[in-house]
Engineer: 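Before I ask anything, here is the structure I am working with.
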Amino acid sequence: MVRSYIGFAKVNWQQLLFGALLMALSSFGQTYFVSVSGSYFRETFILSDGGLGATYAAGTLLSALTLTWAGRLIDYTTVRRFTWCVALLLATACVLVAVSSNFVMLAVAFYFLRLGGQGLMTHTALTATARAFPQDAGKALSLIALGLSVAQGLFPIAGVTMMEHFGWRTAWMINAGLVVAGVSVALLFLPRQGDQAIRSRKDKPRKGDEKAKALWCDARLLLTLPALLAGPFIVTGFFFHQARLAEQKGWDISTVAASFAAFAIAQAIALVVTGPIIDRIGPKSLLSVFLLPLALAMLVLGLVSAPWIAPVYMIFMAVSMALGSTLATALWVDLFGTRELARVRSSVEAGMVVASGASPIMMGLLIDAGIPLTWQALGCCVYTLTASALTLKGRLKSTEKVAHDI
């Protein structure tokens with residue numbers, strides 16, 4: 001397996017490095033990175049936990065509505081141009097965070113952060129990579145996802161350090177510069193071949209809309225979506241409320257912070273191990289089992305309060321997230337083909353953004369209602385098992401006829 005990875009990476013290292021750098025840069029719009037500024041946001045804008053969660057959810061949900069349309073635009077231009085547009089959008093979002101004077105401006109900044117970071121930057125990396133390696137999608141997507149794993153281990157520490165030394169506003173201005181600089185470097189490695197639009201600008205938008213409507217009536221998508229949305233919803237929610245979880249469990253916040261390193265390491269290992277497995281047995285074969293580690297994480301979190309559970313539940317979550325991130329895009333290539341990948345991914349990614357945006361406020365409201373996160377964890381365990389069972393009911397065919405019909 002290691003030899004296979006090395007050989008694949010040696011031949012295709014430029015395209016893979018481009019994707020990995022974009023995955024890392026998406027961090028500036030990811031919940032795990034934004035959340036380290038949470039205390040500064042609450043203090044500056046006089047927001048409660050619920051108020052900040054609602055502000056963040058508003059920006060996230062609005063970004064999901066835009067993503068379904070914006071994600072398709074990668075089909076009508078080159079990857080290079082599209083990447084620059086996404087970079088400027090994300091850099092602008094970082095600047096808006098830095099200059100926000102009230103919570104309304106902060107919500108607008110969150111909208112652009114989530115759209116440019118978690119949404120379009122990730123979408124660009126995954127779509128470009130899956131198209132470049134349709135037969136080795138699992139392996140290629142696993143390798144570029146390591147960029148995000150490395151970032152998860154380093155960026156929170158770097159972000160906190162910058163805010164302590166320069167203040168949070170200056171730190172977010174620096175983040176904007178890092179986005180532009182990082183994309184400039186990433187584009188140096190994007191191969192010229194294949195960097196072209198796959199659709200004509202003369203294609204009728206109406207035709208695309210009809211396909212989008214048909215997509216949401218496709219049983220293959222509807223039966224798999226509950227399972228694929230489970231990770232973004234659950235992990236984002238518990239990441240966002242990590243301080244409250246530590247308080248309810250009686251853990252020191254440093255214990256939770258240190259557990260992110262365990263999450264990043266476990267995710268990186270899982271990505272490397274599972275990529276070739278997905279290519280060998282196919283993404284459909286793993287649909288009903290990839291959430292089992294997440295279910296176990298929620299079970300132990302709900303039943304045990306010892307501090308050592310913090311890294312343990314993080315590790316189990318990381319395994320499912322690693323599987324899900326690679327499996328999803330590989331599944332869409334398998335079911336719908338590379339030509340329809342951007343349409344399918346942008347629509348599904350919008351659903352994932354909605355899930356990740358809804359969980360902080362929903363969990364926050366449940367906390368306010370007196371339902372502790374440990375109880376919520378047990379509920380999430382039941383949901384993951386139910387969603388996994390639901391995938392067994394679908395007959396996921398991947399014929400060219402079905403793909404073209406959609």
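Residue numbers count from 1 along this sequence.
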Engineer: Please check: side-chain N/O of S142 versus main-chain N/O of L271, any donor-acceptor pairing under 3.5 Å?
Structural biologist: yes
Engineer: May I have all residue pairs that pass side chain to side chain donor-acceptor pair (under 3.5 Å) and include part of residues 148-159, sequence neighbours excluded?
Structural biologist: S149-Q267
Engineer: With sequence neighbours left out, what residues match L65 under side-chain contact (heavy atoms from CB on, under 4.5 Å)?
Structural biologist: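 Result, side-chain contact (heavy atoms from CB on, under 4.5 Å) vs L65: L62.
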Engineer: Shortest non-hydrogen contact from L331 to K284?
Structural biologist: CD1-CG, 3.5 Å
Engineer: In chain order, what residues pass the side-chain contact (heavy atoms from CB on, under 4.5 Å) check against M362, with sequence neighbours excluded?
Structural biologist: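 Per chain and number, M362 pairs via side-chain contact (heavy atoms from CB on, under 4.5 Å) with F233, A358.
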Engineer: Testing L229, T236, V354, V235 one by one against S359 for a side-chain contact (heavy atoms from CB on, under 4.5 Å), which residue passes?
Structural biologist: T236
Engineer: Test: ring-ring contact (aromatic ring centres under 6.0 Å, His included). Region: residues 111-140. Which pairs qualify, not counting sequence neighbours?
Structural biologist: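 Those involving residues 111-140 are F8-F133.
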Engineer: Looking at residues at least two apart in the chain, or sitting in another chain, which of them share a side-chain contact (heavy atoms from CB on, under 4.5 Å) with A387?
Structural biologist: P226, A227, L291, Y383
Engineer: With salt bridge (Lys or Arg N to Asp or Glu O under 4.0 Å) as the rule and sequence neighbours excluded, what pairs involving residues 21-43 come up?
Structural biologist: R42-D49
Engineer: Looking only at heavy atoms, which two atoms of S100 and R169 are closest? And how far apart?
Structural biologist: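 Result for this residue pair: O-NH1, 2.8 Å.
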Engineer: Would you mind listing every ring-ring contact (aromatic ring centres under 6.0 Å, His included) that reaches into residues 298-331, with sequence neighbours excluded?
Structural biologist: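 Sorted pair list comes back empty.
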Engineer: Which one of F263, Y32, F33 satisfies the ring pair (Phe, Tyr, Trp, His ring centres under 6.0 Å) criterion with F239?
Structural biologist: F263
Engineer: So, for W172 and F28, is the gap between ring centers shorter than 6.0 Å?
Structural biologist: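 No - the distance between ring centres of W172 and F28 does not fall below the 6.0 Å cut-off.
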Engineer: Without placing hydrogens or testing angles, list every side-chain donor-acceptor pair under 3.5 Å for residues 154-165, not counting sequence neighbours.
Structural biologist:
residue: T161; atom: OG1; partner: I157; partner atom: O; Å: 2.8
residue: H165; atom: ND1; partner: T161; partner atom: O; Å: 2.9

Engineer: Can you tell me if S305 and W251 form a side-chain donor-acceptor pair at under 3.5 Å?
Structural biologist: no
Engineer: According to the side chain to side chain donor-acceptor pair (under 3.5 Å) rule, which pairs have a member within residues 83-92, sequence neighbours left out?
Structural biologist: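 Output for this query is empty, none listed.
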Engineer: For A54, give me all partners under side-chain contact (heavy atoms from CB on, under 4.5 Å), at least two apart in sequence or on another chain.
Structural biologist: I361
Engineer: Name all pairs fulfilling the ring-ring contact (aromatic ring centres under 6.0 Å, His included) condition that reach into residues 340-375, sequence neighbours left out, sorted by first residue then second.
Structural biologist: none
Engineer: Would you please name every residue forming a ring pair (Phe, Tyr, Trp, His ring centres under 6.0 Å) with F166, sequence neighbours left out?
Structural biologist: none
Engineer: Taking all non-hydrogen atoms of both residues, which atom of P311 and which atom of A262 are closest, and how far apart?
Structural biologist: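 So the two residues come closest at CB-CB, 4.2 Å.
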Engineer: With a 3.5 Å distance limit and no angle check, can you tell me whether Q376 reaches the backbone of I371 through a side-chain donor-acceptor pair?
Structural biologist: yes
Engineer: Closer than 3.5 angstrom, by distance alone: can the side chain of K249 be matched with the main-chain N or O of I309 as a donor-acceptor pair?
Structural biologist: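 Answer holds: no.
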Engineer: Quick one: do the R114 and Y56 side chains pair a donor with an acceptor below 3.5 Å?
Structural biologist: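 The answer is yes; a qualifying pair exists.
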